[in-house]
Amino acid sequence: MEKIRMLSTLGLMGAMRGLSSAFETASGLHVDADFAPTLALLKRLRDGEAADLVILTREGLDEMIGEGRVLAGSAADLARSFVGIAVRAGQVHPDISSEAALRKSLLSARSVAYSRLGASGVYFAQLIQRWGIAADINAKATIVEQGFTAERLVTGEADLAVQQISELKQVDGIEVVGPIPHDLQTPAVFSAGRIANAKQAEAADRLLRYLASPEVVPVLRQSGLEP
């Protein structure tokens with residue numbers, strides 16, 4: 001069976017589980033997927049790691065196109081993702097309905113888990129900086145190098161976890177409270193593109209077409225993404 005080597009941002013991990021198997025059944029092609037934060041993937045691609053297809057944030061994909069690593073004509077926006085807040089299952093849901101409420105909930109949490117390398121972590125660090133509460137939050141924050149911040153809720157290390165909603169939903173034993181108010185954030189756009197020197201170019205194009213098709217929308221929505 002032909003293998004398509006795909007490097008994808010963590011935000012698409014939940015959706016890709018179902019989509020990969022549906023694609024494999026329909027096409028007879030196998031998807032060999034590896035998931036990591038966009039910044040980690042950019043470094044790996046620059047270090048020469050081989051792949052056929054990548055899914056990155058739109059900004060990350062544009063960088064790869066600019067460097068000639070991804071074909072410009074192949075780029076397709078797949079989904080939008082909002083940053084959200086989660087708590088351990090059964091915990092009281094804090095009020096995050098407004099800027100003032102969210103700020104208060106963050107300050108009163110014992111510890112907030114957020115990621116260092118993910119787009120959500122970069123955004124959150126800027127948000128608390130802008131509000132002038134970065135020193136207070138970081139003094140008791142649980143910083144996750146890479147991976148799912150909500151795992152720190154299950155272990156009891158943190159009260160609140162911040163990440164893309166699609167990433168929060170990857171962890172069992174937690175509840176997504178909701179998105180950070182939409183007027184405070186710009187959704188991350190996840191986009192796919194074919195690697196310029198892809199070994200399985202035709203197969204990668206076929207997978208790309210499938211991921212950008214209307215039939216995958218329900219799966220994206222279920223995983224916490226918006227088309």
Side-chain angles (χ1 to χ4, degrees), residues 9-14 35-44 46 56-63 79-190 224-226:
T9 182
L10 282 172
L12 265 286
M13 190 170 167
F35 299 92
T38 286
L39 292 180
L41 294 176
L42 292 177
K43 184 181 183 315
R44 285 164 57 178
R46 287 181 178 127
L56 303 165
T57 59
R58 185 69 224 204
E59 295 80 2
L61 194 74
D62 286 342
E63 281 181 41
R80 293 176 307 138
S81 175
F82 287 96
V83 175
I85 304 276
V87 295
R88 201 170 76 198
Q91 297 295 102
V92 175
H93 286 208
D95 184 359
I96 61 167
S97 59
S98 66
E99 184 169 339
L102 173 64
R103 189 180 159 144
K104 192 176 164 193
S105 293
L106 291 171
L107 284 168
S108 59
R110 187 174 44 93
S111 181
V112 179
Y114 71 97
S115 81
R116 198 185 292 282
L117 283 179
S120 63
V122 174
Y123 155 77
F124 183 71
Q126 289 168 345
L127 181 71
I128 56 176
Q129 191 74 45
R130 200 168 77 225
W131 284 351
I133 60 172
D136 296 316
I137 299 294
N138 286 328
K140 54 184 184 174
T142 303
I143 309 278
V144 178
E145 280 301 329
Q146 55 180 6
F148 298 122
T149 62
E151 287 171 351
R152 305 307 168 98
L153 300 173
V154 181
T155 60
E157 291 167 75
D159 291 345
L160 301 180
V162 178
Q163 209 161 25
Q164 307 284 352
I165 290 175
S166 59
E167 294 175 56
L168 294 171
K169 282 188 152 194
Q170 293 296 305
V171 180
D172 291 330
I174 66 109
E175 290 165 11
V176 175
V177 179
I180 284 173
H182 283 175
D183 58 347
L184 294 177
Q185 60 173 316
T186 306
V189 176
F190 295 129
L225 297 164
E226 295 296 321

- Return yes when atom CD of Glu226 has more than 12 non-hydrogen atoms of other residues, nucleotides or ligands closer than 6.0 Å, and no otherwise. yes
- Task: Mind listing the closest non-hydrogen atom pair of Gly173 and Val154 along with its distance?
- Result: O-CG2, 4.3 Å
- Task: Give the C-alpha distance, both sets of side-chain angles, the deciding distance and a yes or no for side-chain contact (heavy atoms from CB on, under 4.5 Å) between Leu184 and Trp131.
- Result: CA-CA 11 Å; Leu184 294 177; Trp131 284 351; 3.8 Å; yes
- Query: Closest heavy-atom contact between Tyr114 and Ala141?
  - Reply: CE2-CB, 4.0 Å
- Query: Can you check whether Ala188's main-chain N or O pairs, donor with acceptor, with Ser81's side chain at less than 3.5 Å?
  - Reply: no
- Compare all side-chain heavy atoms of Thr9 with those of Phe35 and state whether any distance is below 4.5 angstrom. no
- Gln185 side chain to Val83 backbone, donor-acceptor under 3.5 Å: yes
- Note on the structure: When every non-hydrogen atom of Pro94 is compared with those of Val177, the smallest separation belongs to O-CG1, 3.7 Å
- Which value, rounded to the nearest 0.5 Å, describes the distance between Leu39 atom CG and Leu56 atom CG? 10.0 Å
- Do Asn138 and Ile143 have side-chain heavy atoms sitting under 4.5 Å apart? yes
- Query: Do Glu175 side-chain atoms and Gly90 backbone N/O form a donor-acceptor pair below 3.5 Å?
  - Reply: yes
- Task: Could you tell me the separation between the CD atom of Gln164 and the CD atom of Gln170, rounded to the nearest 0.5 Å?
- Result: 12.0 Å
- Shortest non-hydrogen separation from Ala158 to Leu153 and the atoms involved: O-CD2, 3.4 Å
- Message: Quick one, Phe148 with Met13, criterion side-chain contact (heavy atoms from CB on, under 4.5 Å). Give me CA distance, side-chain angles, the key distance, then yes/no.
- Response: CA-CA 11 Å; Phe148 298 122; Met13 190 170 167; 3.6 Å; yes
- Message: Checking Ile133 against Ile128 for the side-chain contact (heavy atoms from CB on, under 4.5 Å) test, could you report, in this order, the C-alpha distance in whole Å, the side-chain angles of both residues, the deciding distance, and whether it holds?
- Response: CA-CA 5 Å; Ile133 60 172; Ile128 56 176; 3.9 Å; yes
- Could you grab the distance from atom CG of Leu127 to atom CD1 of Ile137, nearest 0.5 Å is fine? 9.5 Å
- Query: Distance-only, no hydrogens or angles: does the Thr149 side chain make a donor-acceptor pair with backbone N or O of Ser115 under 3.5 Å?
  - Reply: no
- Message: If we check salt bridge (charged side-chain N to carboxylate O under 4.0 Å, His left out) with Glu157, which of these qualifies: Arg88, Arg152, Arg110, Lys140?
- Response: Arg152
- Do side-chain atoms of Ser105 reach the backbone of Asp95 as a donor and acceptor pair under 3.5 angstrom? yes
- Item | Gap between atom NZ of Lys43 and atom CZ of Arg46 - 0.5 Å precision | 10.5 Å
- Query: Any side-chain heavy atom of Ile180 sitting closer than 4.5 Å to one from Ile96?
  - Reply: no
- Message: Do Leu12 and Leu225 make a side-chain contact, defined as non-hydrogen atoms from C-beta onward lying under 4.5 Å apart?
- Response: yes
- Item | Closest heavy-atom pair and its distance - Thr142, Ser111 | OG1-OG, 2.7 Å
- Task: Carefully, step by step, assess Val176 and Lys169 under the rule side-chain contact (heavy atoms from CB on, under 4.5 Å).
- Result: CA-CA 7 Å; Val176 175; Lys169 282 188 152 194; 4.0 Å; yes
- Task: Mark yes or no for whether Gln163, through its side chain, and Gly147, through its backbone, hold a donor-acceptor pair below 3.5 Å.
- Result: yes
- Message: Quick check: closest heavy atoms across Arg80 and Val189, and the distance to 0.1 Å?
- Response: CG-CG2, 4.2 Å
